[in-house]
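This one's a predicted model, so the numbers in the text were calculated from it and none came from an experiment. We count ligands from 1, going down the list as the structure has it; atoms in each ligand are counted the same way.
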Amino acid sequence: MKITSATKLLGVIGHPIAHSLSPQMQMAAISAADLDYIYLAFHIRPDSLEDAISGFRAMGMAGVNVTIPHKERVIPFIDEISEQSRRINSVNTLVFKDDKVYGDTTDGRGFYQSCVDEWGAINDAEVLILGAGGSAKAVGFALADHNCQLTVANRTISRAEELADSINSTFGNNNARAVTIEYEELQEAAGRADLIVNTTSVGMHPDHGSTPLSRELIRPEHLVYDLVYNPVETRLVRESREAGAKSISGARMLVYQGAISFEMWTGIKPSVDAMEKAVISGLTENR
Ligand code: NAP
């Protein structure tokens with residue numbers, strides 16, 4: 001690629017940021033589409049966040065991804081946020097346009113679109129969500145938008161209750177409920193689920209041997225989505241496959257949420273295959 005004075009700048013901010021796969025993934029999309037952009041990672045400490053956003057504005061940056069721990073903290077420094085971001089209090093994509101900064105979240109849409117592409121539309125389904133943190137919010141609201149019945153199971157029950165309440169009050173129904181991660185509660189919830197989504201960090205590198213759900217609770221009819229992407233095949237994904245269930249690994253959501261950001265910045269649908277290849281090679285080479 002050739003960098004010139006016309007090359008547009010994209011990037012990702014986080015703290016830490018050294019292990020982010022976004023530069024490789026987005027550069028693969030840029031190369032595949034033959035666009036004049038470059039995508040870099042910036043290590044921004046929380047106390048420099050406001051200055052960083054002002055700097056990006058002044059520099060005429062085209063767009064930025066926002067990752068931990070800035071997804072909520074960045075909100076006061078931007079001009080407009082999407083309805084989806086407002087609902088989950090989280091921004092992962094900034095678009096700089098006409099002197100304004102617009103914030104949106106692509107996590108929920110990335111999750112949902114990757115389900116649709118692999119399994120078809122998920123509507124009116126029974127879903128067990130394991131975990132109640134930031135990614136559970138994105139997934140929960142995306143599924144609630146498609147009229148799914150949600151059981152949120154979390155180690156800290158108060159967080160599961162908070163998420164279920166917030167979904168129910170937003171949608172004006174009682175489609176979400178909270179349970180603990182006691183075996184009997186998970187057994188009951190898994191027993192009625194069509195789709196199981198792991199949004200906890202259980203099973204993430206270097207904790208390869210752990211799983212958030214006992215293998216005997218997985219049936220061949222289940223669809224299982226593990227948001228953990230490192231390792232590419234978690235114990236949950238492996239055991240789901242062995243149980244005859246269909247499964248998706250978190251690398252797919254990473255790619256899809258990034259693909260939606262890319263389209264917001266460039267107006268072009270990127271090659272998700274090129275992006276996924278870059279993510280998988282980043283995960284297998286460097287970790
Ligand atoms: P978070 O907000 O910190 O939430 C972490 C969740 O995991 C909480 O529900 C927490 O329960 C639970 N948890 C952590 N350790 C546990 C343990 N030992 N036993 C049971 N539950 C445990 O994190 P997040 O941002 O939602 O991210 C969670 C995972 O999703 C990470 O692995 C992250 O890499 C992955 N993720 C992937 C994508 C993607 O694109 N594929 C996107 C976002 C996140 P408590 O509430 O009890 O602490």
Side-chain angles (χ1 to χ4, degrees), residues 12 14-17 19-22 24-26 65-73 84-85 88-93 105-115 117-118 128-142 150-164 166 176 178-183 185-186 196-214 224-237 247-262 272 275-276 278-280 282-283 287:
V12 58
H15 168 70
I17 199 65
H19 290 291
S20 173
L21 293 163
S22 293
Q24 283 153 273
M25 177 175 84
Q26 296 288 359
N65 280 131
V66 179
T67 188
I68 286 167
H70 302 315
K71 287 183 172 189
E72 182 178 345
R73 294 174 208 209
Q84 278 161 333
S85 279
I88 65 168
N89 217 18
S90 174
V91 162
N92 79 343
T93 305
T105 173
T106 64
D107 283 334
R109 276 175 283 158
F111 164 80
Y112 189 79
Q113 191 55 47
S114 61
C115 291
D117 284 4
E118 184 76 20
L128 168 58
I129 298 178
L130 302 165
S135 57
K137 256 193 217 172
V139 164
F141 273 88
L150 309 175
T151 299
V152 182
N154 198 44
R155 178 178 61 179
T156 310
I157 182 72
S158 57
R159 290 185 87 191
E161 287 166 348
E162 210 177 293
L163 176 53
S166 138
V179 298
T180 69
I181 54 169
E182 296 295 323
Y183 186 84
E185 299 222 58
L186 290 181
I196 297 171
V197 188
N198 175 41
T199 73
T200 76
S201 43
V202 177
M204 188 168 81
H205 177 78
D207 190 16
H208 296 221
S210 299
T211 180
L213 192 70
S214 298
V224 180
Y225 203 132
D226 193 347
L227 262 55
V228 174
Y229 53 80
N230 184 19
V232 176
E233 186 175 81
T234 57
R235 181 172 160 195
L236 176 64
V237 166
S247 61
I248 300 183
S249 149
R252 193 61 66 78
M253 172 167 161
L254 192 66
V255 166
Y256 273 70
Q257 58 80 31
I260 298 170
S261 300
F262 183 95
V272 288
M275 293 172 86
E276 187 158 7
V279 166
I280 305 291
L283 283 169
R287 285 138 212 253

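For atom 48 (O) of ligand 1, the nearest protein heavy atom (residue, atom name, distance) is R155 NH2, 2.8 Å. Of the protein's non-hydrogen atoms, L227 O, 3.2 Å is the one closest to atom 37 (C) of ligand 1. Looking only at heavy atoms of the protein, atom 42 (C) of ligand 1 is closest to M253 CE, 3.8 Å. Closest to atom 6 (C) of ligand 1, if we only count protein heavy atoms, is T200 CA, 3.9 Å. When hydrogens are left out, the protein atom nearest atom 14 (C) of ligand 1 is S201 OG, 3.4 Å; that is the closest non-hydrogen contact. Residue, atom and distance of the protein heavy atom nearest to atom 19 (N) of ligand 1 are V202 CG2, 3.5 Å. Closest to atom 28 (C) of ligand 1 among all protein heavy atoms lies T199 O, 3.1 Å.
Of all the heavy atoms in L128 and A153, the pair that sits closest is CD1-CB, 4.0 Å. The minimum heavy-atom distance linking T67 with I17 is given by the pair CG2-CD1, 3.7 Å. Between Q24 and G282, the shortest heavy-atom contact is NE2-CA, 3.4 Å. Closest non-hydrogen pair, V228 versus M204, comes out as CG1-CA, 3.6 Å. For S249 against Y225, the heavy-atom pair with the smallest separation is O-CE2, 4.0 Å. Here the closest non-hydrogen pair linking A138 and D107 is CB-CB, 3.8 Å.
Heavy atoms of T156 found under 4.0 angstrom from ligand 1 belong to the backbone as well as the side chain. Within the 4.0 Å heavy-atom criterion, the part of R159 lying near ligand 1 is the side chain and not the backbone.
Per-residue contacts place V228 under 4.0 angstrom from the following atoms of ligand 1 (heavy atoms of the residue considered): 32 (O). Close approach of ligand 1 to M204 (heavy-atom distance below 4.0 Å) involves ligand atoms 32 (O), 34 (O). Those atoms of ligand 1 with a heavy atom of G133 less than 4.0 angstrom away are 2 (O), 4 (O), 9 (O), 26 (O). Near G131, meaning under 4.0 Å from one of its heavy atoms, ligand 1 places the atoms 9 (O).
Within the 4.5 Å cutoff, side-chain heavy atoms of P69 are placed close to those of H15. Looking at heavy atoms from C-beta onward, E276 lies out of side-chain contact with V272 at the 4.5 angstrom threshold.
The nearest protein heavy atom to atom 23 (O) of ligand 1 is not closer than 4.0 Å. Distance screen at 4.0 Å: atom 44 (C) of ligand 1 has a protein heavy-atom neighbour inside the cut-off.
In this structure, D107 does not count as a contact residue of ligand 1, since none of its heavy atoms falls inside 4.0 Å of the ligand.
Atoms CG and OG, on N198 and S247 in that order, are 12.0 Å from each other to the nearest 0.5 Å. Taking NZ from K71 and CG from N65, the interatomic distance works out to 9.0 Å, rounded to the nearest 0.5 Å. Atom CD1 in I68 sits 11.0 Å away from atom OG in S20 (nearest 0.5 Å).
Considering each of S210, S135, G258, G110, the one bringing a non-hydrogen atom nearest atom 30 (O) of ligand 1 is S135. Nearest to atom 41 (N) of ligand 1 by heavy atom, out of G250, A251, G134, is G250.
Below 3.5 Å of separation, one finds an N or O of N154 facing an N or O of ligand 1. Any N or O atom pair closer than 3.5 Å counts here, and L254 shares at least one such pair with ligand 1.
A donor-acceptor contact under 3.5 angstrom links the side chains of E185 and T180, judged on distance only.
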